[in-house]
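Reminder, nothing fancy here: chain letters follow the sequence lines and each chain counts from 1. Treat the numbers as computed from the prediction; the structure is a model and nothing was measured.
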Amino acid sequence: MSTNPTTYDRIYDVVRQIPLGRVATYGQIAELSNLAGKARLVGYALYRVDMQNLDIPWQRVVNAKGEISLSPLRFGTDYLQRDLLENEGISFNDAGKINLRKYLWQPHKSQPVD
DNA sequence: ATTCTGACGAGCG
DNA sequence: TCGCTCGCCAGAA
């Protein structure tokens, strides 16, 4: 017997589709998971992901401002996420923000690097 | 069944 | 531009 996918499983499936070198916002993942307007759920779901498990590229999900959303309870996570993204070729400005116009994942469209 | 816990984002002053 | 409020809800114990 197989268990039906949970809501979080669906969220993880979408996150897995984010291409290398691109990022998506929590709200965007919510919409693609048929959870429009429920961005927080995506955050809740990603909070559960084991940071060492890169099978789910959790590091590619950032907030709508292009910043890494931090969890006070995960000291050091900010550094880890930024490090992983920079290794994928994503750059941060002086304010610690990502240029979404350049790096935001655009499903259905081609993915021009610039 | 109930309580508690969290990686968001739009709107508004 | 910035900070604050408020709506949102699945999963673990």
Side-chain angles (χ1 to χ4, degrees):
Chain A
M1 289 296 286
S2 61
T3 307
N4 293 324
T6 64
T7 297
Y8 284 5
D9 285 333
R10 286 193 285 116
I11 289 173
Y12 298 144
D13 283 339
V14 174
V15 173
R16 270 189 276 260
Q17 294 171 40
I18 308 172
L20 181 80
R22 296 247 125 184
V23 295
T25 65
Y26 293 91
Q28 184 180 12
I29 297 302
E31 289 182 28
L32 294 171
S33 304
N34 280 316
L35 296 168
K38 301 173 185 172
R40 293 193 81 175
L41 263 195
V42 176
Y44 301 151
L46 289 181
Y47 178 79
R48 316 258 178 178
V49 175
D50 178 359
M51 293 190 296
Q52 296 181 63
N53 171 22
L54 295 186
D55 170 57
I56 299 176
W58 56 269
Q59 74 273 24
R60 295 178 193 149
V61 184
V62 298
N63 67 32
K65 291 176 292 193
E67 303 170 319
I68 287 175
S69 285
L70 310 177
S71 170
L73 304 179
R74 295 286 178 178
F75 186 80
T77 302
D78 51 341
Y79 162 74
L80 175 59
Q81 184 168 3
R82 175 167 174 158
D83 192 47
L84 288 169
L85 291 177
E86 290 183 321
N87 282 334
E88 296 184 2
I90 293 174
S91 59
F92 291 72
N93 66 17
D94 293 338
K97 296 168 73 171
I98 293 170
N99 183 342
L100 293 181
R101 300 223 292 180
K102 181 176 182 180
Y103 296 111
L104 187 67
W105 175 38
Q106 295 178 28
H108 306 306
K109 295 183 180 180
S110 59
Q111 302 291 309
V113 180
D114 218 359

All N/O contacts under 3.5 Å from nucleotides 11-13 of chain C to the protein, with atom names and distances to one decimal?
from, atom 1, to, atom 2, distance (Å)
C:dG11, OP1, A:T6, OG1, 3.2

Heavy-atom side-chain contact between A:L54 and A:Q59 under 4.5 Å
yes
For DNA chain B, what residues of residues 28-41 of chain A have any heavy atom nearer than 4.0 Å?
A:A39, A:R40
How close or far is atom C1' of B:dA7 from atom CD of A:Q59, stated in whole angstroms?
13 Å
Measure the distance from CD1 on A:I11 to P on B:dA7 and round it to the nearest whole Å.
15 Å
In residues 91-101 of chain A, which residues come under 4.0 Å of DNA chain B by heavy atom?
none
Check the pair A:L41 / A:Y26 against side-chain contact (heavy atoms from CB on, under 4.5 Å), numbers first and verdict last.
CA-CA 9 Å; A:L41 263 195; A:Y26 293 91; over 6 Å; no
Does A:R10 come within less than 4.0 Å of A:D13, counting only side-chain N to carboxylate O?
no
Please report the C-alpha distance between A:E67 and A:V62 in whole Å, then the side-chain angles of each, then the deciding distance to 0.1 Å, and finally whether the side-chain contact (heavy atoms from CB on, under 4.5 Å) criterion is met.
CA-CA 6 Å; A:E67 303 170 319; A:V62 298; over 6 Å; no
Nearest-Å distance for atom pair CD1/C1', residues A:I68 and B:dA7
10 Å
In this structure, CD1 of A:I56 is separated from CZ of A:R16 (nearest 0.5 Å) by 5.0 Å
State whether A:F92 and A:R82 meet the cation-pi test: NZ (Lys) or CZ (Arg) under 6.0 Å from the six-membered ring centroid, and within 45° of the perpendicular axis.
yes
May I ask you to test the A:R48-A:Y12 pair for a side-chain heavy-atom distance under 4.5 Å?
yes
Between atom CD in A:Q81 and atom P in B:dA7, what is the gap in whole Å?
12 Å
Could you walk me through whether A:I29 and A:I11 pass the side-chain contact (heavy atoms from CB on, under 4.5 Å) test, one step at a time?
CA-CA 7 Å; A:I29 297 302; A:I11 289 173; 4.1 Å; yes
To the nearest angstrom, how far is A:Y26 atom OH from B:dG9 atom P?
7 Å
C:dC9 OP1/OP2 closer than 4.0 Å to side-chain N/O of A:Y44:
no
Residue of the set A:V23, A:T25, A:L32 for which side-chain contact (heavy atoms from CB on, under 4.5 Å) holds with A:W105
A:L32
Roughly, in whole Å, what's the span from CG in A:N63 to C1' in C:dC8?
17 Å
So A:Q28 and A:P107, do their side chains get closer than 4.5 Å, heavy atoms only?
yes
How far, in whole Å, is B:dC12 from C:dC8 if one measures between their P atoms?
16 Å
What is the distance, to the nearest angstrom, from the OH atom on A:Y47 to the C1' atom on C:dC8?
19 Å
As an exercise, state the distance from CH2 of A:W58 to CG of A:L80, rounded to the nearest 0.5 Å.
4.0 Å
